[in-house]
Amino acid sequence: MSQTQRQLELNGRKITLIGTAHVSVESITEVEETIKSLKPDCVCIELDEKRADSIQNPEKYSQLDIVKVLKNNQGFLLLANLILASFQRRMGQNMGVKPGDEMLAAMNTAKELNIPSKMVDRPIQVTLRRAWAKNSLWGKCKLLASLLSSAFSKEEYSEEEIENLKQGNEMDSMMNELSDYMPVVKQVLIDERDTYLASNIFTAEGNNIVAVLGAGHLNGVAAHLEAFASETEKTDVSEISDVPPKGGWSKAAGWIIPAIIIGIIVAGFIYGGVHAGTKMLSSWFLWNAIPAAVMSLFALANPVTILAAFVSAPFTSLCPFVGVGFVTGIVQALICKPKVSDMETLQDDVGTFKGWYKNRILRVLLVFILSSLGSVLGTFAGGADIIKIFTTIE
């Protein structure tokens, strides 16, 4: 048996795990040959239904509606998906392989042999939202920095390096590095998904199962499967199947902070008169408006979008439901509507600085991100300034 496979005998059932590198020619061949050789009752694949559809329909991005994405509060999710897909795509270019080709091979081979297939991964939207929600502010900053650095990375990988990723020592080293640098991300992207994958594999129908998954999940999934079989662990994964709800403080903070800001400004009018109150109000407006507008300018936003950032930021900063990025992103998308060519070159453009400014979809996301960052900085600075003004009232 290959070093990249694990075969488990569990309560009379045979489960074969194939660990792959997602841009590996050898992985494609191994997946096809193993399924044809074992003729399993079911083929489990490390995809969710939406990603499976994307792999089978590569032109899906041509149907992207950026305004709808922003309205559904999925701007960050789209950004993360694009960057991760672009990074994997670049890794596979030298080998002539696209990310997920081994998963597509598993689906096609199962279909060819009339074998049922089951998508066993957690939806990527849930995984990314959990990684974001469970991180601290510093963890969120490191996550964004890692995503952006991978977007513009020019590092190339040889075929030998790609294949080495499937070996235990190489993969263990990468997992240890990820755990040290971003433990929460490792927990959500690897540990939780090990449990989720194993649960869906274990509950698949049939006594002869083949599961195709990334090599980084091989050992973790095998351990969970053995625990399920010995009944030392339950297969219920409902606790990790959705985004964790915000805690009471997090929910309250969205209202408490704006209430405090408004309260201080009102108190300024009461105790300091019109002059002090107006000064505080002006300070809050300008501290929010200027950074949001300047950051939109850095994104080379349309002048109308920059004006929208300037006008809306002081108000959206006080509203838990709508951020300035939502406003500026939609204004930019409506004024500079994406073209078909932007859809076609999206995954290539995301890997270059020029592409972010040339591609209208990426420009919308850039406006969304930078104006939001400007508003956050302005909120902290504006809040500090109005408190300073209030403390000087005599």
Side-chain angles (χ1 to χ4, degrees), residues 69-80 83 128-149 151 182 184-185 243 246-247 249-265 280-301 305-333 356 362-390:
V69 168
L70 295 176
K71 285 183 177 179
N72 291 338
N73 197 28
Q74 294 179 340
F76 172 74
L77 293 178
L78 174 61
L79 173 65
I83 291 174
L128 291 174
R129 283 187 181 277
R130 285 183 67 85
W132 186 257
K134 291 171 73 70
N135 254 306
S136 64
L137 178 60
W138 176 236
K140 287 180 172 69
C141 291
K142 290 200 292 185
L143 178 57
L144 280 173
S146 296
L147 282 171
L148 292 174
S149 65
M182 289 186 290
V184 172
V185 173
V243 182
K246 289 185 178 180
W249 165 246
S250 296
K251 289 181 181 178
W255 293 102
I256 291 174
I257 294 174
I260 291 173
I261 296 296
I262 294 171
I264 293 173
I265 294 174
M280 294 169 70
L281 197 59
S282 299
S283 173
W284 174 258
F285 188 95
L286 293 175
W287 271 115
N288 277 269
I290 293 174
V294 169
M295 295 299 275
S296 298
L297 179 61
F298 286 161
L300 299 185
T305 305
I306 296 172
L307 179 60
F310 185 88
V311 173
S312 65
F315 302 101
T316 57
S317 297
L318 298 173
C319 178
F321 300 119
V322 180
V324 69
F326 172 81
V327 176
T328 56
I330 288 182
V331 171
Q332 180 71 21
W356 278 81
L362 293 177
R363 180 84 67 85
V364 169
L365 290 176
L366 193 62
V367 169
F368 167 80
I369 294 165
L370 292 185
S371 63
S372 298
L373 178 60
S375 181
V376 170
L377 296 175
T379 298
F380 281 108
D385 198 41
I386 65 171
I387 291 173
K388 179 182 177 182
I389 295 170
F390 184 75

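Starting from 1, each residue takes its place in the sequence as its number.
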Any chance you could measure [X], atom [atom1], to [Y], atom [atom2], to the nearest 0.5 Å?
| X | Y | atom1 | atom2 | value |
| --- | --- | --- | --- | --- |
| T328 | I369 | OG1 | CD1 | 10.5 Å |
| L377 | W287 | CG | CH2 | 10.0 Å |
| I290 | F285 | CD1 | CZ | 9.5 Å |
| I262 | I257 | CD1 | CD1 | 12.0 Å |
| L318 | I261 | CG | CD1 | 7.0 Å |
| S283 | D385 | OG | CG | 3.5 Å |

Side-chain heavy-atom pair S296, L370 within 4.5 angstrom cut-off: no
Close side-chain approach of M280 and F390, heavy atoms under 4.5 Å: yes
Show the nearest heavy-atom pair for residues [X] and [Y], with the distance to one decimal.
| X | Y | result |
| --- | --- | --- |
| L300 | R363 | O-NH1, 2.8 Å |
| N288 | A313 | O-CB, 3.5 Å |
| V367 | A301 | CG2-CB, 3.7 Å |

Steps toward side chain to side chain contact (heavy atoms under 4.5 Å, CB included) verdict (S317, V324): CA-CA 7 Å; S317 297; V324 69; over 6 Å; no
Flag, side chain of S375 to backbone of S371, donor-acceptor distance under 3.5 Å: no
Main-chain N/O of P314 paired with W284 side-chain donor or acceptor, under 3.5 Å: yes
